[in-house]
Amino acid sequence: MDKRLIVLFPGVNYSVDCPLLYYAEFYYQLKGYEVIEIESYNVEGIHGLSDLDTYAAIAEKNVKTQLQKVDWNQYTHIVFASKSIGTVIAHWLEDEWELSPVTHILLTPLNQTLPYMEKERDYQCIVTGTEDSFVDMQRLKKVCQQKNYPLTVIDGVGHRLETEENFTDNLKILNQIVKLYGGEKIV
């Protein structure tokens, strides 16, 4: 029997209910995937955006606890949809538990994500913005070019992949990104 799973890894200030992760979940549910949402990383007393390394280390342990009862071997395909700090945690978990096959949807990877990307992996899409200050854009582009990873860079947006200039442009950006989840070509 073909059992498939999507696991959603939120960002520090970007929950699984926010649009990019919500629509990843919705899309894959329609394709018959079971869903696991990481609701919270349960990291108290540390502001994730100011100390990402410490936040990630604590969050990784807490996610491992949340997911320890999952029988990963029952799934023929696993998708990890992750945002920001979630991109670090998703890669760490894949390596820690030697999960396979895993396909990643990376939304605004961080500098801390880049070393994980140097290993051969399967990516449905990698999305960032030209104004994202949490990633070294040149290094990200270099890794993606060397590994032939599907990188989409959205002009004029930062880490939330949104613009404040024209609200309706955000719907266009969301539409552009959601199309990548299924591998559709952007027209």
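Atom set for the values below is all heavy atoms of this structure, side chains included, hydrogens, waters and symmetry mates excluded.
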Q: Decide yes or no on side chain to side chain contact (heavy atoms under 4.5 Å, CB included) for Leu180 and Val127, but give the supporting numbers first.
A: CA-CA 9 Å; Leu180 297 172; Val127 184; 3.7 Å; yes
Q: Dump the intermediate steps for ring-ring contact (aromatic ring centres under 6.0 Å, His included) on Tyr181 and Tyr23, then the final yes or no.
A: CA-CA 9 Å; Tyr181 297 163; Tyr23 282 108; 8.6 Å; no
Q: Output, in order, the C-alpha distance, side-chain angles, deciding distance and verdict of side chain to side chain contact (heavy atoms under 4.5 Å, CB included) for Val157 and Glu162.
A: CA-CA 6 Å; Val157 298; Glu162 298 173 340; 5.8 Å; no
Q. Taking it one step at a time, do Glu34 and Arg4 satisfy salt bridge (charged side-chain N to carboxylate O under 4.0 Å, His left out)?
A. CA-CA 6 Å; Glu34 292 179 27; Arg4 299 170 295 173; over 6 Å; no
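In terms of heavy-atom proximity, Ala56 sits nearest to Ile85 at CB-CD1, 3.7 Å. Ile89 and Ala59 get closest at one heavy-atom pair: CD1-CB, 3.5 Å. Here the closest non-hydrogen pair linking Lys64 and Trp92 is CD-CH2, 3.8 Å. Of all heavy-atom pairs spanning Leu21 and Ala81, the tightest one is CD2-O, 3.8 Å.
Contact annotation: the side chain of Gln124 never approaches that of His104 to less than 4.5 Å [non-hydrogen atoms, C-beta and beyond]. Side chains of His159 and Tyr14 form no contact here, defined as non-hydrogen atoms less than 4.5 Å apart. With contacts defined as side-chain heavy-atom distances shorter than 4.5 Å, the pair Val63/Glu96 does not qualify. Looking at heavy atoms from C-beta onward, Ile126 lies in side-chain contact with Cys144 at the 4.5 angstrom threshold. A 4.5 Å side-chain heavy-atom check between Val178 and Tyr27 finds every atom pair outside the cut-off. Considering only heavy atoms from C-beta on, Tyr41 stays 4.5 Å or farther from Ile58 through its side chain. Counting heavy atoms from C-beta on, the side chains of Leu140 and Tyr149 never come closer than 4.5 Å. Taking 4.5 Å as the limit, every side-chain heavy atom of Ile78 sits out of range of all side-chain heavy atoms of Pro101.
Gln74 CD: more than 12 foreign heavy atoms inside a 6.0 Å radius. For CD of Gln145, the number of neighbouring non-hydrogen atoms (other residues, nucleotides, ligands) closer than 6.0 Å is 12 at most. Annotation: Gln68, atom CD; neighbour count of heavy atoms from other residues, nucleotides and ligands within 6.0 Å is above 12. Counting non-hydrogen atoms of other residues, nucleotides and ligands closer than 6.0 Å to CD of Glu118 gives a total above 12. Other residues, nucleotides and ligands place no more than 12 heavy atoms under 6.0 Å from the CG atom of Asp155. For Lys31, the NZ atom sits in a loose shell: 12 or fewer heavy atoms of surrounding residues, nucleotides or ligands are nearer than 6.0 Å.
There is no path of hydrophobic side-chain contacts, each under 4.5 Å, that joins Phe80 to Leu106. The hydrophobic clustering, which links ILVMFWY residues whose side-chain heavy atoms are closer than 4.5 Å, places Ile177 and Leu171 apart.
Tyr22 and Phe26 have parallel rings, their planes meeting at less than 30° on a 0 to 90° scale where 60° marks the start of perpendicular. Using cut-offs of 30° and 60° for the angle between ring planes, the Tyr33 and Tyr28 rings count as perpendicular. Note on ring orientation: taking the six-membered ring where Trp is involved, the planes of Tyr123 and His91 are tilted (angle from 30° to 60°).
A donor-acceptor pair shorter than 3.5 Å cannot be found between the side chains of Thr163 and Asp169.
Under the 3.5 Å distance criterion, the side-chain polar atoms of Lys83 are left unmatched by any main-chain donor or acceptor of Thr108. Looking at Ser84, its side chain never comes within 3.5 Å of a backbone N or O of Gly86 through a donor-acceptor pair. The backbone N or O of Val79 sits nowhere less than 3.5 Å from a side-chain atom of Thr103 that would complete a donor-acceptor pair.
Of the listed residues (Leu99, Asp2, Leu5, Ile6), just one forms a side chain to side chain contact (heavy atoms under 4.5 Å, CB included) with Tyr75, and that residue is Leu5. Across Thr87, Thr113, Leu114, a single residue satisfies side chain to side chain contact (heavy atoms under 4.5 Å, CB included) together with Val135, and that is Leu114.
Note that the SG atom of Cys18 and the CG atom of Leu107 stand 11.5 Å from one another [nearest 0.5 Å]. Ile154 contributes atom CD1, which lies 6.0 Å from atom CD1 of Ile173 (distance to the nearest 0.5 angstrom). Atoms CG and OG1, on Leu161 and Thr152 in that order, are 10.5 Å from each other to the nearest 0.5 Å. Between the CG atom in Leu93 and the CD atom in Gln66 there is a gap of 10.5 Å [rounded to 0.5 Å]. Taken to the nearest 0.5 Å, the OH atom of Tyr116 stands 11.5 Å off from the CG atom of Leu110. In this structure, the separation between OG on Ser40 and CG on Asn62 is 8.0 Å, given to the nearest 0.5 Å.
Using a cutoff of 4.0 Å between basic side-chain nitrogens and carboxylate oxygens, Arg121 and Asp95 are scored as salt-bridged.
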